[in-house]
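Just the heavy atoms: all of them, side chains too, but no hydrogens, waters or symmetry mates, feed the values below.
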Amino acid sequence: LTNTSISDAQEMETIWTILPAIILILIALPSLRILYLTDEINNPSFTIKSIGHQWYWTYEYTDYGGLIFNSYMLPPLFLEPGDLRLLDVDNRVVLPVEAPVRMMITSQDVLHSWTVPSLGLKTDAIPGRLNQTTFTATRPGVYYGQCSEICGANHSFMPIVLELIP
């Protein structure tokens with residue numbers, strides 16, 4: 001014996017399907033708008049291009065005469081007291097505090113990831129693609145990061161150091 005009243009609830013099933021979909025759309029549209037608004041900086045003070053290589057980063061201050069330098073990890077023999085092993089570099093990226101910064105990130109060879117966790121930054125460096133991230137640091141200090149992509153045997157030896165000065 002089959003109860004036919006159970007299988008004849010088409011209107012209720014339609015409402016149970018459409019109503020949650022409408023609620024999700026009403027939540028998603030304002031969230032997407034806010035997401036895109038927070039990602040834009042219309043007039044950054046600095047634009048820095050970061051290029052990932054195996055096993056170092058190249059930085060270009062594009063707004064100020066095209067200053068270009070490489071940033072290699074310091075070997076253990078060159079570490080001073082107080083330096084962090086596997087995290088310190090020979091050339092740091094130096095930026096002022098409270099200045100909007102646009103980072104343009106790409107790669108020369110394989111996938112890398114430009115990551116500074118204490119600033120909440122993580123952007124993939126992909127060969128042939130220019131990714132962008134923006135930030136405004138509020139506190140001076142030295143911020144450390146590393147390549148967080150499995151880009152090869154020595155990917156953990158690609159440190160990133162930002163020195164933010166007042």
### Query
Short question: side chain of Thr62, backbone of Thr47 - any donor-acceptor pair under 3.5 Å?
yes
Hey, quick one: are [X] and [Y] part of the same hydrophobic cluster, counting side-chain heavy atoms closer than 4.5 Å, chains of contacts allowed?
{"X": "Val161", "Y": "Leu164", "answer": "no"}
{"X": "Ile48", "Y": "Trp57", "answer": "yes"}
{"X": "Val116", "Y": "Phe157", "answer": "no"}

So which heavy atom on [X] is nearest to which on [Y], and how close?
{"X": "Ile105", "Y": "Ala125", "value": "CG2-CB, 3.6 Å"}
{"X": "Asp109", "Y": "His112", "value": "OD1-NE2, 3.0 Å"}
{"X": "Met158", "Y": "Gly52", "value": "CE-CA, 4.5 Å"}
{"X": "Pro117", "Y": "Tyr144", "value": "CD-O, 3.7 Å"}
{"X": "Asp124", "Y": "Glu149", "value": "OD1-OE1, 3.7 Å"}

Between [atom1] on residue [X] and [atom2] on residue [Y], distance to nearest 0.5 Å:
{"X": "Leu86", "Y": "Met73", "atom1": "CG", "atom2": "CE", "value": "5.5 Å"}
{"X": "Ser71", "Y": "His53", "atom1": "OG", "atom2": "NE2", "value": "11.0 Å"}
{"X": "Cys147", "Y": "Trp55", "atom1": "SG", "atom2": "CH2", "value": "8.0 Å"}
{"X": "Thr17", "Y": "Ile22", "atom1": "OG1", "atom2": "CD1", "value": "11.0 Å"}
{"X": "Leu24", "Y": "Leu19", "atom1": "CG", "atom2": "CG", "value": "10.0 Å"}
{"X": "Leu162", "Y": "Tyr143", "atom1": "CG", "atom2": "OH", "value": "9.5 Å"}

### Neighbour count above 12 (heavy atom, 6.0 Å) for Ile150 CD1
no
### Task
Check the angle between the aromatic planes of Tyr59 and Phe69 and answer parallel, tilted or perpendicular using the 30° and 60° thresholds.
tilted
Show the atom names and distances, to 0.1 Å, of all donor-acceptor pairs under 3.5 Å that link a side chain in residues 87-94 to residues at least two apart or in another chain.
from: Asp88; atom 1: OD1; to: Arg92; atom 2: NH2; distance (Å): 3.0
from: Asp88; atom 1: OD2; to: Leu84; atom 2: N; distance (Å): 2.9
from: Asp90; atom 1: OD1; to: Tyr72; atom 2: N; distance (Å): 2.8
from: Asn91; atom 1: ND2; to: Asn70; atom 2: O; distance (Å): 2.8
from: Arg92; atom 1: NH1; to: Glu163; atom 2: OE1; distance (Å): 3.4

### Query
So do Leu111 and Ile126 actually touch side chain to side chain, heavy atoms under 4.5 Å?
yes
### Query
Are any non-hydrogen side-chain atoms of Lys49 and Thr106 less than 4.5 angstrom apart?
yes
